[in-house]
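Structure, as structure tokens:
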Protein chains: 2
Amino acid sequence: MFRQDGFHAEMAKTEPPRRRTRSPGAAVTLEMVAREAGVSPSTVSRILNGTARVRDAKTVAVRAAISRLKFTPNPVARSLARGKSAEVGVVIQSIDSPFYGEALAAIEKALIRAGYSALFVSGHWRESDERKSIEHLISRRVGGIILVTSCLADEELLRLARTTPLVLTGRRLAGPNLYAVDVDSTPGARLATDYLLDQGHRRIAFIGGSRDHPDARQRLAGYRAALAARRLPLQPRLMTDGDYSEAGGFQAMTRLLEQGQKFTAVFAANDQMAYGAMLALHRRGLKVPQDVSVVGFDDLPTSSYIVPPLTTVHRSINELGDAAAEAMIDLIEQLPPVAKVSAPTLAIRDSTRPLRA
Amino acid sequence: MFRQDGFHAEMAKTEPPRRRTRSPGAAVTLEMVAREAGVSPSTVSRILNGTARVRDAKTVAVRAAISRLKFTPNPVARSLARGKSAEVGVVIQSIDSPFYGEALAAIEKALIRAGYSALFVSGHWRESDERKSIEHLISRRVGGIILVTSCLADEELLRLARTTPLVLTGRRLAGPNLYAVDVDSTPGARLATDYLLDQGHRRIAFIGGSRDHPDARQRLAGYRAALAARRLPLQPRLMTDGDYSEAGGFQAMTRLLEQGQKFTAVFAANDQMAYGAMLALHRRGLKVPQDVSVVGFDDLPTSSYIVPPLTTVHRSINELGDAAAEAMIDLIEQLPPVAKVSAPTLAIRDSTRPLRA
DNA sequence: GATTATTTTGAAAGCGCTTGCAGAACCTAC
DNA sequence: GTAGGTTCTGCAAGCGCTTTCAAAATAATC
């Protein structure tokens, strides 16, 4: 009834306008390859996946057919048949931070190299958002999820790992089907504080991140450890928290200044807060480093170009991303994951100076 | 032979160690829903997709079954059956730039809202990399590709659009199955230059981007237009190019200074280059804005927190990302794409000051 | 050369969902 | 009531690949 009769066209108004676009090039299937090579589809599949030995002659014929037809296996069909996809979800908190951007780039690269793809979503530092993002990924049936500095509680993560391989960064946690890339920030923070101490500073303010963030706690721990090692007392008055943003750093420093605290140096738990702090100092007419030395953490690309260039803790984000991706792949392929990241270093630039005794 | 007989286990050594993990929770299928609701799978599918009218009673029963079983359709199976996936690829040049990060976040949000996912890859400003990334996406059978400031030539893009819906940003191009979100940078650049002129500056240096980038050309065009409107001659000596990075801006400014050029203001084609330029000025002992006013373009989040806070052209990247995503969805769903982005504004901060006559 | 152990292969049954087709159920109108 | 129209709904055939299972081909053994 709905044959091609042109004069019945008006009846077709309920039909959706979408027509099946059968692009001629992209539609090479495994079956076509099989026919072309004179073997069965199963054989082609086996050659493709190395799932079984196949006579050399056939292998050659199939390979030839594949390249002749320019065949690429359809990953969707493959995922369906295998029951698992070659996609891994990556949840990042705020993609607009250059720090995470770099990590994401590294993760993406490593994943693609191994034949996976990165399905990306963001969590905005909010538990609810993160949970929603994770659900989205799960409903998309990803093969695993990488959480770059998750906000979620340990138990929740462990529970999650029961259904999907999980890789975490920025926290320590052990469990089945789960791997935490160990990037303890304590040593880096220690390094920064020690440097300031070495330069003769004694009253060193600290601008930290949110206390309920494992990573932020580590940065604080490094600061404390450095002071403790020299038997210097911790001065709560000199410590305040920001939220890892420029605005947070600005406010934190403003607070410190308004309270009339005296200090000759400040260690900010990340570069963005250091920027904000520097602006606050500037607004009060204080010069960096003449009046106050500033040290940050992360070494964002911009940090060597601000005025004055920022002394800061450098870690290879690339390595971190790489490690996370590798661990994920290992988890998916049921191998014992290993990951190593090299030690942090201190990039010494112009925002610090020795305190003359 | 390979039944469950335990004592034959040693024969199974050729079997891969991977076992089919049948997580009990995630495996609800449409068929189970159908059975639970006492209807056929087709009916469930139709209800899910609204592809046909279904008796109310059944609809209710099915909906109940769905929520009782907590069913989520398997997107992989769906993609396979429909022949197209709900994933759109996003190619971004350098994710580690905060500018693109923001755009990516916006794109992601809009895509997810519409039920799609963002498959992300990066191009690193290199044609070859970009081409490879695109191929990766195509082999993954994405439903469409968004190219955020592509490096590729028009013809290549048009060719590409024949097989996959394409959305571009940062350039103008028209063609079937392709949509370019129009974000002409000329007006923004004009705005910035006009402002400097209004402040009395006459010798305004220009640090541009790569000439073979449409977007960079627009920024240059805006600068020229502003000068031309006041019948001021273009001074090639005051113009030099960077590569949109802090380092590039630094070098460009250094070059200008070494050539002994005189200017009271500089307009950098993006914020990152402005940062670099400011550092170069600082290194020469020149103060911003006392000696030289600086204007940037992009309004990165950091720009309001550097010292001094940067006067710069602001555009809603959010809107841009949104527009790109919306256009993509329209393209995929075969609707005429429309996209509107609001006009740029100038964020006036402390890096500029009026030139006293 | 017959028999048995091995290795290769193909047929076929899915993976979970969509969709064309045609029969079933339900309405109108005569 | 019954013919003629509509509106639901189920059947069954895919989508392109993987993976049993068992038959076919080859190699090994006596």
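Throughout, protein chains are lettered first and strands after them, A, B, ... in sequence-line order, and every chain is numbered starting at 1.
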From C-beta outward on [X], which listed nucleotide comes closest to its side chain: [options]?
X     : options                : result
B:L30 : D:dT9, D:dT18, C:dT18  : C:dT18
A:V39 : C:dG10, C:dT19, D:dT19 : C:dG10
B:A81 : D:dG14, C:dA11, D:dC17 : D:dG14
B:R53 : C:dT18, D:dT7, C:dT19  : D:dT7

Using whole Å, report how far [atom1] of [X] lies from [atom2] of [N].
X     : N      : atom1 : atom2 : value
B:F71 : C:dG16 : CZ    : P     : 10 Å
A:L48 : D:dG16 : CG    : C1'   : 12 Å
B:I47 : D:dT9  : CD1   : C1'   : 11 Å
A:L69 : D:dG16 : CG    : C1'   : 15 Å
B:K84 : D:dG16 : NZ    : P     : 14 Å
B:N49 : C:dC17 : CG    : P     : 11 Å
A:D56 : C:dT9  : CG    : P     : 9 Å
A:R82 : C:dC15 : CZ    : P     : 17 Å

Open item on the list: Once salt bridge (Lys or Arg N to Asp or Glu O under 4.0 Å) is applied, what residue pairs with a partner in residues 51-66 of chain B remain, sequence neighbours excluded?
Closed with: none
Open item on the list: Suppose we screen for side chain to side chain donor-acceptor pair (under 3.5 Å). Which residues come up paired with A:E333, at least two apart in sequence or across chains?
Closed with: A:Y116
Open item on the list: The criterion is side chain to side chain donor-acceptor pair (under 3.5 Å); which residues satisfy it with B:R35, sequence neighbours excluded?
Closed with: none
TODO: Go through the structure and list residues passing side chain to side chain contact (heavy atoms under 4.5 Å, CB included) with B:T164, not counting sequence neighbours.
DONE: B:I138, B:I145
It should be established whether [X] places a side-chain nitrogen or oxygen under 4.0 Å from OP1 or OP2 of nucleotide [N].
X     : N      : result
B:K58 : C:dA25 : no
B:S45 : C:dT18 : yes
A:R78 : D:dT18 : yes
B:N74 : C:dC15 : no

- [ ] Could you give me the CA-CA distance, side-chain angles and deciding distance for B:I66 and B:E36, then say whether side chain to side chain contact (heavy atoms under 4.5 Å, CB included) is met?
- [x] CA-CA 9 Å; B:I66 287 179; B:E36 173 88 7; over 6 Å; no
TODO: Please lay out, stage by stage, how B:V148 and B:V91 fare under the test side chain to side chain contact (heavy atoms under 4.5 Å, CB included).
DONE: CA-CA 6 Å; B:V148 182; B:V91 181; over 6 Å; no
- [ ] Apply side chain to side chain contact (heavy atoms under 4.5 Å, CB included) to the pair B:L80 and B:R141, showing each step before the final yes or no.
- [x] CA-CA 10 Å; B:L80 182 59; B:R141 310 290 203 271; over 6 Å; no
TODO: Would you indicate what B:T29 reaches in the nucleic acid, counting non-hydrogen atoms under 4.0 angstrom: base, sugar-phosphate, or nothing?
DONE: sugar-phosphate
- [ ] Look at all strands and tell whether B:T43 reaches a base, only sugar-phosphate, or nothing, counting heavy atoms closer than 4.0 Å.
- [x] sugar-phosphate
Task: Side chain to side chain, A:T169 and A:L320, heavy atoms closer than 4.5 Å - done: yes
- [ ] Kindly indicate whether the side chain of A:L158, heavy atoms from C-beta on, has any atom under 4.5 Å from the side chain of A:E155.
- [x] no
Task: Quiz item: B:S42 side-chain donor-acceptor pair to C:dC17 base, under 3.5 Å - done: no
Open item on the list: Tell me if the side-chain of B:R141 makes a donor-acceptor pair with the base of D:dG16, cut-off 3.5 Å, by modelled atom types.
Closed with: no
Task: Distance-only polar pair, side chains of B:R46 and B:T51, donor-acceptor under 3.5 Å - done: no
Open item on the list: I want to confirm an ordering. Mapping A:A77 and B:P41 to their closest nucleotides on DNA chain D, which one lands closer to the 5' end?
Closed with: B:P41
List, with names and distances, any nitrogen or oxygen atoms from the protein found under 3.5 Å away from nitrogen or oxygen atoms belonging to nucleotides 24-27 of chain D.
none

Open item on the list: Before you tell me yes or no, could you show the steps for A:V88 and A:L119 under side chain to side chain contact (heavy atoms under 4.5 Å, CB included), namely the whole-Å CA-CA distance, both residues' side-chain angles and the distance that decides it to 0.1 Å?
Closed with: CA-CA 6 Å; A:V88 343; A:L119 213 54; over 6 Å; no
Task: End axis versus end axis in the helix from C:dG1-D:dC30 to C:dC30-D:dG1, the angle rounded to 10°, five pairs used at each terminus - done: 40°
